[in-house]
Protein chains: 2
Amino acid sequence: MIDRKPDNSRLPTLADVASRVGVSTATVSRCLNEPDRVIGATRERVMAAVRELGYSPNFGARALAARRTNTVGAVIPTMENAIFARGLQAFQEELGENGITLLVASSSYRADLEEEQIRTLAARGADGMLLIGYDRDPAIYSFLKRQGIPVVIAWAHDPRAGVASVGFDNYRAMKALAHAVISRGHSSLGIVSARQAGNDRARERVRGIVDAAAQAGLGSDRVHIVETSYGIDEGAQAFEALMSRENRPSAVMCGNDVLAVGAIGRARELGLDVPLDVSVTGFDDMELAKLSFPPLTTIHVPHRRMGQEAARLLMSTAKTGSENSNILLETEIRLRGSLA
Amino acid sequence: MIDRKPDNSRLPTLADVASRVGVSTATVSRCLNEPDRVIGATRERVMAAVRELGYSPNFGARALAARRTNTVGAVIPTMENAIFARGLQAFQEELGENGITLLVASSSYRADLEEEQIRTLAARGADGMLLIGYDRDPAIYSFLKRQGIPVVIAWAHDPRAGVASVGFDNYRAMKALAHAVISRGHSSLGIVSARQAGNDRARERVRGIVDAAAQAGLGSDRVHIVETSYGIDEGAQAFEALMSRENRPSAVMCGNDVLAVGAIGRARELGLDVPLDVSVTGFDDMELAKLSFPPLTTIHVPHRRMGQEAARLLMSTAKTGSENSNILLETEIRLRGSLA
DNA sequence: TTGTATGCGTTATCAC
DNA sequence: GTGATAACGCATACAA
């Protein structure tokens, strides 16, 4: 526990500013919140005093009295890599322009931690919340509803879910990529996926590949799936596991770019040429993808756009109370050197 | 602005729990904060009511009354890449074990935004704060001191600064790497640095290279510096700028791994072989480094250790009020394929 | 062990 | 346009 260092000189409060200027606390409060409603002359004097004293309003007290925090929370699976960084940055920027602060927490892809973080953010008075994907205990949704906290789901799209969302069709995107891979003659596919349990995005992506394979007449024995957690090393290991099977896939499709880059690295270590010996694909089109050698064939996701729209949606959802706005963004295949 | 959806069923408060159980609010409060001080039987009934009502304490009110938030803030330059992610993760874990929540904000490497974030975190009642590097307006330090908020600086080490810190010697680390580069016969160096103004880490690193070059008898005309902002594309452009000068450096030392990876990528696009045509080095030893092709020669920084120590230091600094604990961590050169 | 009462710093309602 | 003053939800010193 952290105890504040005993501080003899108490922090300046609204009352301090007020008494110094010789006005009431109400006036000072107004100067800060609705400057128009106070006459120019007094406002100047108040603001001067604010600066001199280094006054800064107490957030907790303000939230308590105003029953609003101008804060929204976001719980993302991880901060360890840049997957969510760009989208979140855009989200934050859009909120910032509207005077709203963003609080970010990460769940490490664990449902229990996510729930804890959500409750923490709610207790901190978040006026709204951004969550990634749909999969979670329904109790969480009803908790949020009881609290009157509007929610927006990002990175996924399911109009039937009854929650506002902005995202893309993970299934369709990955299926299209799988078609592209198969049409190049690959008849044995490897899949490196994040754990599918509790992760609708991962599940939809795998389903996309499996369906594409089935439609192309590839038996289920031609599709090998390995689940792992997101991470470069994990991708590398999963890739190696796939390559050491009896009938090696000629193309390995990864659930995201981080896994794919790990796979490519391991291929090099194993003396396998990408894409001559084995093709590799990713998902996300992070900066990493263009930079990898060979550059990564992947699905481009409009992360910035998604973050921005999520912010707008959250603000309007909060205003109107409508819970069923769903924005579908288009993804795009980016063909690069890792696929032959 | 976000207005909470008008919620007819007010959230349960301490008083609701109390009246339902038939005890005083004080007892309920104690059940939550010091369970030992209340007898088993009543505690059970209280906790049951808490669950039934879905009660969750109001953070603002609690902070207001207790004058403590069990929250610490961290302002990092960027979340866009993983430079600070690992250290921060460890920082958070260590804090979490002690029941403390971490609030993260990013400054985009801008001094004005950093100051704003610091004030915001202070207003939110942060009991302590983690900042990166020393360089900032002295007014900020005195503001924090007035607020009684203990500070720990990370990613840098300067015992004379009079602030608690845990970090490494950026100057010495980079100087050692420069020696390694020069000893391999490179007599013309390029430097791709972050902007040095307001960034002591960047400045120290450049100074390390420059001093090493001088000690090796390389004139200042043999050291070319380009400043840019951190980013893969930025690294690529800076690298290209260096390579298009009349006397091309044979080795380009970058201020961090992100820049270096960008440089290597651009080298490939320009048809330059790394390391045959030009050597490239980084700083940080992110996951990226091993994965780059060729793998990156860089400085290994014990990020996790740094985050963990920072958390401990912050907690003990808060307890003891001692402001001048400085922990120096050792870095290590990692020689890999990008340097010949 | 439990209850009472006060105060935390701000906003908002209502007078003036 | 400005000033009193009552909430806001909780923790805590003190009393019982």
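Chain identifiers are assigned alphabetically (A, B, ...) following the order of the sequence lines, protein sequences preceding nucleic acid strands; residue numbering begins at 1 within each chain.
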Could you pull out the closest heavy-atom pair between [X] and [Y], with the gap in Å?
{"X": "Asp200(A)", "Y": "Asp135(A)", "answer": "OD1-N, 3.2 Å"}
{"X": "Leu121(B)", "Y": "Ala105(B)", "answer": "CD1-CB, 4.5 Å"}
{"X": "Arg201(A)", "Y": "Pro77(A)", "answer": "NH2-CG, 3.9 Å"}

*Quick one: which of Gln89(A), Glu93(A), Glu94(A) gives a side-chain hydrogen bond (donor to acceptor under 3.5 Å, both in side chains) with Arg304(A)?*
Glu93(A)
Looking at [X], does any N or O in its side chain come under 4.0 Å of the phosphate oxygens OP1/OP2 on [N]?
{"X": "Arg62(B)", "N": "dA11(D)", "answer": "yes"}
{"X": "Arg68(B)", "N": "dT12(D)", "answer": "yes"}
{"X": "Arg67(B)", "N": "dG9(C)", "answer": "yes"}

Spacing of [X] atom [atom1] and [Y] atom [atom2] [to the nearest 0.5 Å]:
{"X": "Leu130(B)", "Y": "Met306(B)", "atom1": "CG", "atom2": "CE", "result": "9.0 Å"}
{"X": "Ser165(A)", "Y": "Glu309(A)", "atom1": "OG", "atom2": "CD", "result": "11.5 Å"}
{"X": "Ser19(A)", "Y": "Leu14(A)", "atom1": "OG", "atom2": "CG", "result": "10.5 Å"}

_For Arg37(A) and Ala65(A), find the nucleotide of DNA chain D closest to each by heavy atoms; which residue's nucleotide sits nearer the 5' end?_
Arg37(A)
*If you draw the axis of the six-membered ring of Phe143(A), does the NZ or CZ of Arg119(A) fall within 45° of it and under 6.0 Å from the ring centre?*
yes
_I'd like to know if the side chain of Arg124(A) pairs up with that of Thr71(B) as donor and acceptor (distance under 3.5 Å, no hydrogens or angles considered)._
yes
*Check step by step if side chain to side chain contact (heavy atoms under 4.5 Å, CB included) holds for Tyr55(A) and Leu32(A).*
CA-CA 11 Å; Tyr55(A) 167 76; Leu32(A) 270 43; 3.6 Å; yes
*Using a cut-off of 4.0 Å on non-hydrogen atoms, how would the nucleic acid contact of Leu14(A) be classed: base, sugar-phosphate, or nothing?*
base
*What does the inter-axis angle of the helix from dT1(C)-dA16(D) to dC16(C)-dG1(D) come out as, five pairs per end, nearest 10 degrees?*
30°
*Among residues 41-60 of chain B, which contact DNA chain D at a heavy-atom distance under 4.0 Å?*
Tyr55(B), Pro57(B), Asn58(B)
_Atom-pair distance (CG on Leu64(B); P on dT10(C)), nearest Å_ = 9 Å
*Taking atom C1' of dG9(D) as reference, at what distance in whole Å does atom CZ of Arg124(A) sit?*
16 Å
_For DNA chain C, the residues among residues 20-35 of chain A that have a non-hydrogen atom under 4.0 Å from it_ = Ala26(A), Ser29(A), Asn33(A)
_Using heavy-atom distances to pick each residue's nearest nucleotide on DNA chain C, tell me which of Asp36(B) and Ala66(B) is more 5'._
Asp36(B)
*Is Glu114(A) paired with Arg136(A) through a side-chain N to carboxylate O contact shorter than 4.0 Å?*
yes
_Heavy atoms from C-beta onward define the side chain here; which of dT10(C), dT2(D), dC10(D) lies closest to that of Thr13(B)?_
dC10(D)
